[in-house]
Undergrad: 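Take this structure, written in structure tokens, and hold onto it; I'll ask about it next.
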2 protein chains.
Amino acid sequence: MSGVREQKKKQTRKAIIDAAVKLFTEKGFEQTSMDELARAAGVGKSTIYGYFKAKEEVLLAYCEAELEFAFAALDRKVDEEASLVDQLVAHMMGQITFVTENREFGRIFAREMTFPGEKTRLRSRDLDMRYMNKLGEVLGRAQLRGELPAESELLLLIAHLHALYILVLSTIYSGDVTSLENAKIFCRSLVLQALHGPAAIAQAPVEVQAGWQGLRQQFLEQRKLEM
Amino acid sequence: MSGVREQKKKQTRKAIIDAAVKLFTEKGFEQTSMDELARAAGVGKSTIYGYFKAKEEVLLAYCEAELEFAFAALDRKVDEEASLVDQLVAHMMGQITFVTENREFGRIFAREMTFPGEKTRLRSRDLDMRYMNKLGEVLGRAQLRGELPAESELLLLIAHLHALYILVLSTIYSGDVTSLENAKIFCRSLVLQALHGPAAIAQAPVEVQAGWQGLRQQFLEQRKLEM
DNA sequence: ATTTAAAGTCGACTGCGGTCGAGATTTTAC
DNA sequence: GTAAAATCTCGACCGCAGTCGACTTTAAAT
């Protein structure tokens, strides 16, 4: 027996993550060097590599810690009585708001989650499983309420919605969407289309239509301008 | 006047891209250092940075060169008489096949295109405009044929399909999809759902249903296993 | 208690992307 | 033709992520 070693490892690990939370929050991910992180955590640099395979993996661990808060906030915000579309949009926007709070940090995170490197693959999976589970719950309830056809393939639908979330995030980083309000409009349009087909917008309330048309106009103008 | 300087710049630029095509193709992107690239191009290292803001921007230029071939091949492959779904799947798979030809290269590319850094933003836009235009053509034709409701919002639909493409690419890198055949099945399922709503699969031909169910099973087992 | 194996820790070191300032080359001005 | 300004080119240099091999601490074996 010997919890001694185990205990120390736990401590060290915690020290590293704590230091990461502090430094990443204070100065951002890219501005924090592994040397600094090591010094702040009170360990040698390569000790960190005994716990994490790469700097990005430290980021994901950091996110895991932060995500607890984010999800809790999300749960409080999402109204289970609201319409499916509203709930989905709320979820996606919650996630997006959290991720883009710090722009460059969000970019690294999004890249690592969407196209993980071999080293970060497993950890990134863990994280998005949580997100997908949340979506699954929302969809499951909607299905029970009859707001979704009983024969829907939930998993495929989750994937579909996940795709839309990634896209909206992508447009924020490509510069096509420049504010969270616009992101929300875009989200809603996409979700509507996903749930009700290509003609969804045409059948939607007039304010949704207007929102989308505004966005569309902005997009076209901006792309033209940059040529 | 003085084409002299201009000419030289053109030459130098070409030399860099040629060297990049050669080296990236031979040994991959990450395995090629900027020093090597400079030596191969016969210029000083920081000269490259006069032409490209970052190593990733060289990659995008390289892609621009290669993409010509890819698109041409795609055009030959996509049958304009085929059904909309078939055409869309063919397009997406063409793109995916090209990008994932070299795994690590594709990852960098996908990351840079989907969540571009400030330095590569403009160039990455150029590239995906081309892809989106292609999609637009396919959708436009389908609309004329009446295969798509007249009141469809084409731009929104393009965005939607683009999202699905990114997702499929993402699942390849996350390890959920492990072969191009599976990717194709996944593509088809998603496109069907996007065009015909959440119950699309249930109404689809039995072989499509079977394909999806197989994929679904694999996914569930694999995710369970890794815990 | 002592030896041996294993696990953990460390900072010096490597190779890379990217910058800097000096020097060469071209363009412009007179 | 020449001086001044602007542009382009270069490799030495910097900071950083990640590795290596030596050293220390803990666990197991006798």
Undergrad: Determine which pairs satisfy salt bridge (charged side-chain N to carboxylate O under 4.0 Å, His left out) with at least one residue from residues 155-171 of chain B, sequence neighbours left out, and list them in order.
TA: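 Listed by first then second residue: nothing to list.
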Undergrad: Taking the side chain from A:Q87 and the backbone from A:V78, do they hold a donor-acceptor pair closer than 3.5 Å?
TA: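 Such a contact is absent between A:Q87 side chain and A:V78 backbone.
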Undergrad: Does anything in residues 46-63 of chain A reach DNA chain C, meaning a heavy atom under 4.0 Å, and if so which residues?
TA: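 Close to the strand are A:S46, A:T47, A:Y51.
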Undergrad: With sequence neighbours excluded, give me every salt bridge (charged side-chain N to carboxylate O under 4.0 Å, His left out) pair touching residues 162-189 of chain A.
TA: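 Qualifying pairs: A:D86-A:R188, A:D176-A:R223, A:D176-B:R125.
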Undergrad: Please set out all donor-acceptor pairs under 3.5 angstrom arising from side-chain atoms of residues 161-171 of chain B, sequence neighbours excluded.
TA:
unit_1	atom_1	unit_2	atom_2	d
B:S170	OG	A:T114	O	2.8
B:T171	OG1	B:V168	O	2.7

Undergrad: Under the rule for side-chain contact (heavy atoms from CB on, under 4.5 Å), what residues qualify as partners of A:D79, not counting sequence neighbours?
TA: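 Applying side-chain contact (heavy atoms from CB on, under 4.5 Å) to A:D79 gives A:E81, A:A82.
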Undergrad: Begin with the C-alpha distance, continue with both residues' side-chain angles, and end with the deciding distance and a verdict on side-chain hydrogen bond (donor to acceptor under 3.5 Å, both in side chains) for B:E112 and B:T120.
TA: CA-CA 7 Å; B:E112 215 59 49; B:T120 44; 2.7 Å; yes
Undergrad: May I ask you to check whether B:F219 and B:F186 place their ring centers less than 6.0 Å from one another?
TA: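 B:F219 vs B:F186: aromatic centres not under 6.0 Å.
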Undergrad: Rounded to whole angstroms, how far apart are CD on B:Q11 and C1' on C:dT25?
TA: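 The distance from CD of B:Q11 to C1' of C:dT25 comes to 15 Å, rounded to the nearest Å.
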Undergrad: Going by an N to O cut-off under 4.0 Å, is there a salt bridge joining B:R123 and B:E64?
TA: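 Answer for the salt bridge query: yes.
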Undergrad: Just to be sure I understand the geometry, which residues of residues 28-45 of chain B put a non-hydrogen atom under 4.0 Å away from DNA chain D?
TA: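 Nucleic-acid contacts, sorted: B:V43, B:G44.
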Undergrad: Partners of A:T178 by side-chain hydrogen bond (donor to acceptor under 3.5 Å, both in side chains), sequence neighbours excluded?
TA: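 Per chain and number, A:T178 pairs via side-chain hydrogen bond (donor to acceptor under 3.5 Å, both in side chains) with no residue.
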Undergrad: Within residues 105-118 of chain B, which residues have any heavy atom lying less than 4.0 Å from an atom of DNA chain C?
TA: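 When residues 105-118 of chain B is checked for heavy atoms under 4.0 Å from DNA chain C, there are no hits whatsoever.
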Undergrad: If I take atom CZ in residue A:R13 and atom P in nucleotide C:dG8, what distance separates them, rounded to the nearest angstrom?
TA: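 Roughly 13 Å, once rounded to whole Å.
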Undergrad: Using heavy atoms and a sub-4.0 Å distance, could you list which residues of residues 20-27 of chain A are near DNA chain C? By number, please.
TA: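 Nucleic-acid contacts, sorted: none.
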Undergrad: For residues 65-77 of chain B, which side-chain donor-acceptor pairs fall under 3.5 Å, sequence neighbours excluded?
TA:
unit_1	atom_1	unit_2	atom_2	d
B:E68	OE2	B:R130	NH1	2.9
B:D75	OD1	B:K134	NZ	3.0
B:D75	OD2	B:K134	NZ	2.9

Undergrad: Does a salt bridge link B:R107 with A:E118, judged by any charged N lying under 4.0 Å from a carboxylate O?
TA: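 Salt bridge present between B:R107 and A:E118.
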Undergrad: With B:K53, which residues qualify under salt bridge (Lys or Arg N to Asp or Glu O under 4.0 Å), at least two apart?
TA: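 Testing B:K53 for salt bridge (Lys or Arg N to Asp or Glu O under 4.0 Å), a comparison that skips the adjacent residues, returns none.
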Undergrad: Under the salt bridge (Lys or Arg N to Asp or Glu O under 4.0 Å) rule, collect the residues that match up with B:K22, sequence neighbours excluded.
TA: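 Listed in chain order: B:E26.
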Undergrad: Is there a side-chain polar atom (N or O) of A:K9 under 4.0 Å from OP1 or OP2 of C:dG8?
TA: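 Yes.
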